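Shown next, in structure tokens, is the structure this report addresses.
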Protein chains: 2
Amino acid sequence: MDLNERSRGILKAIINSYIATAEPVGSRTITKRYELGISPATVRNIMADLEEMGFLAQPHTSAGRVPTGKAYRFYIDTLLEVRALPRQQEQEIMNYPLHRSEFGQLMKETTRLLSSLSHYVGVVMAPKPAETVYRHVEFVPLSGRRALAVFVSEAGIIHNRMLLLDPEFTARDLERANNFLSRELSGKTLSQMRERVTELMDEDRSRYTGLLTTLMQSGGEPGEHGEQGASEGELYVGSMSELFDIPDFRDLDKIKEIFHAFEEKHRLIQLLDRAVEAEGVQVFIGAENPYFDMEGVSLVVASYRAEGNVMGTLGVIGPSRMPYNTVIPIVDCTAKVLSRLMSER
Amino acid sequence: MDLNERSRGILKAIINSYIATAEPVGSRTITKRYELGISPATVRNIMADLEEMGFLAQPHTSAGRVPTGKAYRFYIDTLLEVRALPRQQEQEIMNYPLHRSEFGQLMKETTRLLSSLSHYVGVVMAPKPAETVYRHVEFVPLSGRRALAVFVSEAGIIHNRMLLLDPEFTARDLERANNFLSRELSGKTLSQMRERVTELMDEDRSRYTGLLTTLMQSGGEPGEHGEQGASEGELYVGSMSELFDIPDFRDLDKIKEIFHAFEEKHRLIQLLDRAVEAEGVQVFIGAENPYFDMEGVSLVVASYRAEGNVMGTLGVIGPSRMPYNTVIPIVDCTAKVLSRLMSER
DNA sequence: CTTAGCACTCACCATAACCGAGTGCTAATA
DNA sequence: TATTAGCACTCGGTTATGGTGAGTGCTAAG
């Protein structure tokens, strides 16, 4: 992007001002609030250029300018100086009571932490069942032909799967098979388990075929079987009511649009998936991505890991007009805290 | 309530009209749309009486009248004729794909069913862990001092509880204890288990004390440990975005208020609890109850059972101005379907 | 290239006028 | 005595009008 020093300074000032006030920015305001040693008229000329280049837009002819998505992108990529998280807020994150004991609960608490810090909507995507390593696999015979498969991951994620057994395969058989299968399947991800299961079936057609086919058929996969399909993780969404206090979303139709988007979780999940491998914090702005294209809505996302392996992603959703220099470190720090928590034994 | 025939007819007409149009009802409208053989002036006199008695209110002097909460209460208790559910809708409920396989999923699907039928917000309260009978209890030793308690109810509700064992109590011990404890504890509700556990501890101080105390301490209870406390069931809420299309809630502040109320789930849970033992469908209107007192918001609630035992409640939340004669049978029928599903083996 | 000056635009706000649905009251009527 | 017709009155909603001010684009001078 060929912007000279001065234009960049002005663009930066405009965005900062707009982020702070939510008001369209005029040329006078710029010269007054930011000491640039330049007259309003000059600023106007440059603003006209910036508008031509697609960085600014006018709500109407006689209003000030407003940054476009393109401007935010440029701002984040080259203009933004991310401040370190103030000591006090860092403490707040560290001391937030995140309990490991129950996994779903941990996810919920994390969304709440994100929401309360950023005042936007916190989201956390749980690890995908298909890609988490399960340390323990256990089969519990129930009454009749029913049995329960229990999967427990290193990090304490528990998944259950109800199985309907072959009539010829009794509860007693299951109990015997249990040890063997636990040994064979534990320490593997779901995909790896599938592979191993087909191997086993090839090796020994007779013994466990009955059980194993059931296991494969019934999805064989733990996790919520929602419309999103079992291969995706579950999405936890924080306090949506934060949205009501954001001036950008004062409009009922806008809020409605956002809520609808939240109810179609799979699109949001796809977007969060794209941040899964990236290092550090990523920002998605408004309409620039096909998965969650809503004018004026941005996502700040980071992945969390357990012992180096990516588990899932978390972040906040808010207006594009967002104080990125504070929100980014918040998301970053929260991801680190969650990572540490997941890595602890 | 001493209302003569004619006054009741007029009140009924007013409420019906208001439910249908969401507009304040004037005296002329009544005489035109409902053949009561009476002049507007007479209607006005009666309306004045009804207002004095607290059944009607005027938004402002020169507007028509609007029913109060008291009017809706009277309407539901004595005026309403609930129609049978039309064949077609009944089929829709019956054929809705409710899967028993995964319990949480079943709850979610049920909220969705309620929402899509009523166009209001469907809610389903899951059985309280403390009061469900668990058919199977199983302890799964994990690595280190950790172990998992798995509870499975008759209806297929699965709950997990992570335990931290006494160091002196090994995984091997647990395996041995497993059979014994499963036998002792299965077929009981949580409360009953607690009793039995204390009994066991009295009988035999040495053997399982280590495990049992951990079990009791860690809450010993399955279920989500949210702010609502473990003794309450979990609440599933359907598609909230239905709220945006309800004219009564066109106002941003009103919607905000409702969303806040939803985020404080425990109050809603307390209210739903009150309907747990009642037979049939119950209606809670606006501010008439202390747990969820929101002007203009009503709940239609019924309980669902498995083999005669109450499991939980479900219903819809919408404006007090609600076509009760269609919503009530919808809730009723859904509760019956869910009950049947839970009773099937 | 920058800047002062100036005419122009347009959302926003307040005021005023009008309309109409609806009311309460009174007096006539059955 | 209960009902009804008639009428003046109320008041929210809509539309028209004009003023205000922040902001712009353009032009010409520095």
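All figures in this text were calculated on a predicted structure; none of them were measured in a lab. So that the names make sense, note that chain A is the first sequence line, chain B the second, and so on, each numbered from 1.
Chain B approaches DNA chain C within less than 4.0 angstrom (heavy atoms of the protein), and the contacting nucleotides run 5' to 3' from dA21(C) to dG24(C).
In this structure, A63(B) reaches the sugar-phosphate backbone alone: every heavy-atom distance under 4.0 Å involves primed, P, OP1 or OP2 atoms, never a base.
One atom, CD1 of I46(B), and another, P of dT3(D), lie 7 Å apart when rounded to the nearest Å. Following rounding to the nearest Å, N45(B) (CG) and dT4(D) (P) show an atom-to-atom distance of 10 Å. dA2(D) atom C1' lies 12 Å from atom CG of D49(B), rounded to whole Å.
Classification of E81(B) and K12(B) as a salt-bridged pair holds, one side-chain N sitting under 4.0 Å from a carboxylate O. The pair R321(B)-E23(B) does not count as a salt bridge, with every side-chain nitrogen at least 4.0 angstrom from each carboxylate oxygen. Looking at K254(A) and D248(A), no side-chain N of the basic residue comes within less than 4.0 Å of a carboxylate O on the acidic one, giving no salt bridge.
Side-chain polar atoms of Y324(A) and S298(A) form a donor-acceptor pair below 3.5 angstrom.
Residues F284(B) and F292(B) keep their aromatic ring centres 6.0 Å or farther apart.
The closest donor-acceptor contact from the side chain of Y34(A) to the backbone of S17(A) lies under 3.5 Å. Within the 3.5 Å criterion, the main-chain N or O of V327(A) finds no donor-acceptor partner in the side chain of S118(A). Remark: the backbone N or O of A302(A) is not paired with any side-chain donor or acceptor of T313(A) at under 3.5 angstrom.
Put simply, the side chain of L56(B) reaches to within 4.5 Å of the side chain of I14(B), judged on heavy atoms.
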(Q) How would you summarise protein contacts on nucleotides 10-21 of chain D per nucleotide, using B for base, S for sugar-phosphate only and - for none, with heavy-atom distances below 4.0 Å? (A) BBS---------

**Q.** E263(A)/S241(B) under side-chain hydrogen bond (donor to acceptor under 3.5 Å, both in side chains): CA gap, chis, key distance, verdict
**A.** CA-CA 8 Å; E263(A) 275 173 11; S241(B) 62; 2.8 Å; yes

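Put simply, the residue from I30(B), T31(B), N45(B), T29(B) that forms a side chain to side chain contact (heavy atoms under 4.5 Å, CB included) with P40(B) is T31(B).
Taking side-chain N and O atoms only, R6(B) has a distance below 4.0 Å to OP1 or OP2 of dT3(D).
Of the residues in residues 22-38 of chain A, those placing a heavy atom less than 4.0 Å from an atom of DNA chain D are G26(A), S27(A), T29(A), in numerical order.
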